[in-house]
Amino acid sequence: MDMENYSLIRNLLLNMILPIEAFISRVLRLKNDKVERFFVDLNNKIVLRQIKKAPERILLLMPHCLQFSDCEHRVTGKEIRCKMCGKCEIKDLVEISKKYAVKLSVATGGTMARNIVKSFSPDVIIATACERDLISGLRDTVAIPAIGILNERPNGPCVDTRVDMDKISYYIKYLKGLNNEKK
């Protein structure tokens, strides 16, 4: 199946089936985040199937809430000014981006994320966010293969969140052909 068909399937999944499923979940009083997690996983499977060759331009698109909330150094914008103190996972993300030669960008929200995607023009995006923001981002990038990884929120939403570094490394290695095991 070619990229155009996969984009069509992702579009159908994210813009038609997901809203119907969300409505049914509300009527039945089911937790919507479980439905969203299912759709993120399904999206990732669709994207991984559509990739036939190693992409040249991989973008790691991360939310600013991964940064330690009391940090004095901005990590959003054109340049990531992380001092590598290790109080948050930005340090690990910088190291991963250098190790695998992928672009890392940290966004403060949807508008900034869309601008980053537009200016970098990636072949594939690996993005992290909460369920609602991740689904929204996947919808915005339906024409670009985008893998979603839900963030962890040990301190509640939008403050000192975390991401599974093993998943990020796995997806990069898989995309680059360095790891052929299925997840």
Side-chain angles (χ1 to χ4, degrees), residues 2-3 6-7 10 37 40-68 71 73-110 112-131 133-154 160-183:
D2 62 19
M3 290 285 270
Y6 275 104
S7 292
R10 283 185 66 221
R37 286 175 188 273
V40 169
D41 289 341
L42 186 57
N43 171 80
N44 292 350
K45 287 176 180 155
I46 291 169
V47 168
L48 290 177
R49 279 194 164 160
Q50 88 184 51
I51 307 287
K52 299 298 182 204
K53 64 177 188 150
E56 292 181 27
R57 300 170 58 83
I58 298 174
L59 172 62
L60 292 180
L61 187 55
M62 301 291 126
H64 70 101
C65 59
L66 289 173
Q67 183 177 17
F68 177 57
C71 186
H73 308 283
R74 284 182 43 109
V75 296
T76 57
K78 294 183 190 260
E79 178 186 338
I80 295 179
R81 297 181 194 103
C82 180
K83 298 302 177 189
M84 308 298 275
C85 70
K87 290 182 181 175
C88 67
E89 294 181 333
I90 299 298
K91 172 187 168 284
D92 299 326
L93 289 165
V94 168
E95 289 171 351
I96 286 172
S97 73
K98 287 179 181 176
K99 178 179 179 178
Y100 296 110
V102 298
K103 170 81 171 154
L104 170 64
S105 289
V106 179
T108 56
M112 183 180 219
R114 284 186 294 277
N115 288 337
I116 290 167
V117 169
K118 185 177 179 182
S119 68
F120 183 65
S121 189
D123 297 322
V124 177
I125 301 166
I126 299 172
T128 295
C130 60
E131 289 87 354
D133 291 347
L134 192 54
I135 293 288
S136 176
L138 292 174
R139 281 186 176 132
D140 289 345
T141 60
V142 77
I144 302 169
I147 295 168
I149 301 171
L150 293 164
N151 66 5
E152 301 161 14
R153 300 176 294 271
D160 298 327
T161 62
R162 302 183 54 86
V163 63
D164 186 335
M165 292 298 159
D166 290 336
K167 281 186 180 178
I168 289 178
S169 293
Y170 167 82
Y171 284 125
I172 293 171
K173 289 190 285 188
Y174 184 90
L175 291 168
K176 289 185 168 261
L178 302 172
N179 180 3
N180 291 327
E181 69 181 61
K182 295 280 182 183
K183 187 145 188 131

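Owing to the predicted nature of the structure, the values given are computational and were not obtained by experimental measurement.
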Find the distance between [atom1] ([X]) and [atom2] ([Y]) and round it off to the nearest 0.5 Å.
| X | Y | atom1 | atom2 | result |
| --- | --- | --- | --- | --- |
| Y100 | I168 | OH | CD1 | 11.5 Å |
| I58 | L175 | CD1 | CG | 5.0 Å |
| T128 | I147 | OG1 | CD1 | 11.0 Å |
| Y174 | I126 | OH | CD1 | 12.5 Å |
| S105 | N115 | OG | CG | 11.0 Å |

Item to check | Verdict with supporting geometry, V102 and K176, side chain to side chain contact (heavy atoms under 4.5 Å, CB included) | outcome: CA-CA 10 Å; V102 298; K176 289 185 168 261; 3.8 Å; yes
Using only atom types and a distance under 3.5 Å, with no angle test, would you say the side chain of [X] pairs donor to acceptor with the backbone of [Y]?
| X | Y | result |
| --- | --- | --- |
| D123 | R57 | yes |
| S169 | D166 | no |
| S121 | K118 | no |
| D133 | G110 | no |

Nearest heavy-atom neighbours spanning [X] and [Y]:
| X | Y | value |
| --- | --- | --- |
| L150 | C130 | CD2-C, 3.9 Å |
| T161 | P154 | CA-CD, 4.5 Å |
| L104 | S97 | CB-CB, 3.8 Å |
| A129 | P63 | CA-CG, 4.4 Å |
| A113 | L61 | CB-CD2, 3.8 Å |
| T76 | H64 | CG2-CB, 3.6 Å |

Next on the checklist: Which residues pass the side chain to side chain contact (heavy atoms under 4.5 Å, CB included) test with D140, not counting sequence neighbours?
Outcome noted: R114, S136
Checklist entry - Should Y171 and N44 be marked as a side chain to side chain contact (heavy atoms under 4.5 Å, CB included) after you check the CA-CA gap, both sets of side-chain angles, and the distance that decides it? => result CA-CA 10 Å; Y171 284 125; N44 292 350; 3.6 Å; yes
Side-chain atoms of residues 82-93: list all donor-acceptor pairs with protein atoms under 3.5 Å, sequence neighbours left out, distances to 0.1 Å.
residue	atom	partner	partner atom	Å
E89	OE1	V163	N	2.6
E89	OE2	R162	NH2	3.0
K91	NZ	E95	OE2	3.2

Next on the checklist: Going by salt bridge (charged side-chain N to carboxylate O under 4.0 Å, His left out), name the residues that satisfy it together with R153, two or more places apart in sequence or in a different chain.
Outcome noted: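 Checked R153 against salt bridge (charged side-chain N to carboxylate O under 4.0 Å, His left out); matches are E131.
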Item to check | pair N43-I135: side-chain heavy atoms closer than 4.5 Å | outcome: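 Not in contact.
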Checklist entry - Heavy atoms, side chains only, cut-off 4.5 Å: are Q67 and V106 in contact? => result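 They are not in side-chain contact.
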Next on the checklist: Checking L134 against N151 for the side chain to side chain contact (heavy atoms under 4.5 Å, CB included) test, could you report, in this order, the C-alpha distance in whole Å, the side-chain angles of both residues, the deciding distance, and whether it holds?
Outcome noted: CA-CA 9 Å; L134 192 54; N151 66 5; over 6 Å; no
Item to check | I144 and L59: CA distance, side-chain angles, deciding distance, side chain to side chain contact (heavy atoms under 4.5 Å, CB included) verdict | outcome: CA-CA 11 Å; I144 302 169; L59 172 62; over 6 Å; no
